[in-house]
Amino acid sequence: MPKAKAHKQFEKWGKEYGPIYSLILGGSKTVIVISSEHIMRDLLDKRGAIYSSRPDSYISHDVLSGGLRVVFMKYNESLKLARKLARKVLDDNIIRTTFLAYQDLESKAMLLGLLEEPELFINHLQRFTTSFTTQMTFGYRTPGADDPFMQKLFHVRLKIDDGAELC
C-alpha cells in the first residue's frame, strides 16, 4: 500500500482487477474498493441504507472531531441529520448566491498571495481550499497559512495519508 498518492494505485488496481475489489490491510482488516462511479451510485442510491456505516476510526472521528466528522460517522440519526442538512446547504440557489461569492473572494486572495509570494505556491493553495471550505461550512475564514486550524488540519491529513488509520 503506497504511503502517498494511494488513489493512483487504487485506479491502477481497478483497471487490473475490475471495478470492485478488496484489500486486506494489517493482516485482518478487509476493505472493499469501488472504482466505478456508476457502480458506486447504483449501490448507494438504491441500497444506501445497508452500506452507509463506516469502520471505526477512533483518532480521526472521536478524538479529532468529537464524533462530528460526517465522513467517519457510523450510520445513525446524527449521520441522517447531517446528510439532510447537507442537501439543504447544497441547494442550487444557495450555491449561486452564496458559495460563488466565497469562491470569488478566496480566489482573489489566493491570486494576490501568488503575486506577492510565488515561492509559497502550495501554502496559497492550501489556504484557499481550507478557507473556502471552512467559510462555507462554519462561516470561518482562514486568513493565512499560519492559522492554527489550518496547521492542525494539514497535520492530520498528512498522518492519514501516511496510513496511520488504514491498518
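Below, all heavy atoms of this structure are taken into account, side chains as well, without hydrogens, waters or symmetry copies. Please read these numbers as outputs of a predicted model, since none were measured by experiment.
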S.K.: Is there a side-chain contact between Glu11 and Lys15, using heavy atoms and a 4.5 Å cut-off?
M.R.: yes
S.K.: What about Ile20 and Met40, same hydrophobic cluster or not, with Ile/Leu/Val/Met/Phe/Trp/Tyr joined at side-chain heavy-atom distances under 4.5 Å?
M.R.: yes
S.K.: Would you mind telling me which of Arg127, Glu106, Arg141 makes a side chain to side chain contact (heavy atoms under 4.5 Å, CB included) with Phe132?
M.R.: Glu106
S.K.: Kindly indicate whether the side chain of Thr129, heavy atoms from C-beta on, has any atom under 4.5 Å from the side chain of Leu125.
M.R.: no
S.K.: Quick one: pull up CE in Met110 and CD in Gln126 and give me the separation to the nearest 0.5 Å.
M.R.: 12.5 Å
S.K.: If you count every heavy atom of other residues, nucleotides or ligands that lies below 6.0 Å from Ile32 atom CD1, does the total exceed 12?
M.R.: yes
S.K.: Verify the cluster assignment for Phe128 and Tyr102: are they in a single hydrophobic cluster under the rule of side-chain heavy atoms below 4.5 Å apart?
M.R.: no
S.K.: Is it true that Glu77 and Lys80 make a salt bridge, defined as a side-chain N closer than 4.0 Å to a carboxylate O?
M.R.: yes
S.K.: Can you find a pair of side-chain heavy atoms, one from Leu23 and one from Trp13, that are under 4.5 Å apart?
M.R.: yes
S.K.: Please check if Phe121 and Leu115 belong to a single hydrophobic cluster, counting links between Ile, Leu, Val, Met, Phe, Trp and Tyr side chain heavy atoms closer than 4.5 Å.
M.R.: no
S.K.: When you measure from the side chain of Tyr21 to the backbone of Phe10, do you find a donor-acceptor pair of N or O atoms at a distance under 3.5 Å?
M.R.: yes
S.K.: Looking only at heavy atoms, which two atoms of Ser35 and Gly14 are closest? And how far apart?
M.R.: OG-CA, 3.6 Å
S.K.: As a quick check of understanding, evaluate side-chain contact (heavy atoms from CB on, under 4.5 Å) for Leu105 and Gln135, giving each step before the final call.
M.R.: CA-CA 11 Å; Leu105 172 69; Gln135 199 169 17; 3.8 Å; yes
S.K.: Passes salt bridge (Lys or Arg N to Asp or Glu O under 4.0 Å), Glu37 versus Arg41? Steps please.
M.R.: CA-CA 6 Å; Glu37 182 181 356; Arg41 288 197 182 281; 3.0 Å; yes
S.K.: Counting heavy atoms not belonging to Tyr17, are there more than 12 under 6.0 Å from its OH?
M.R.: no
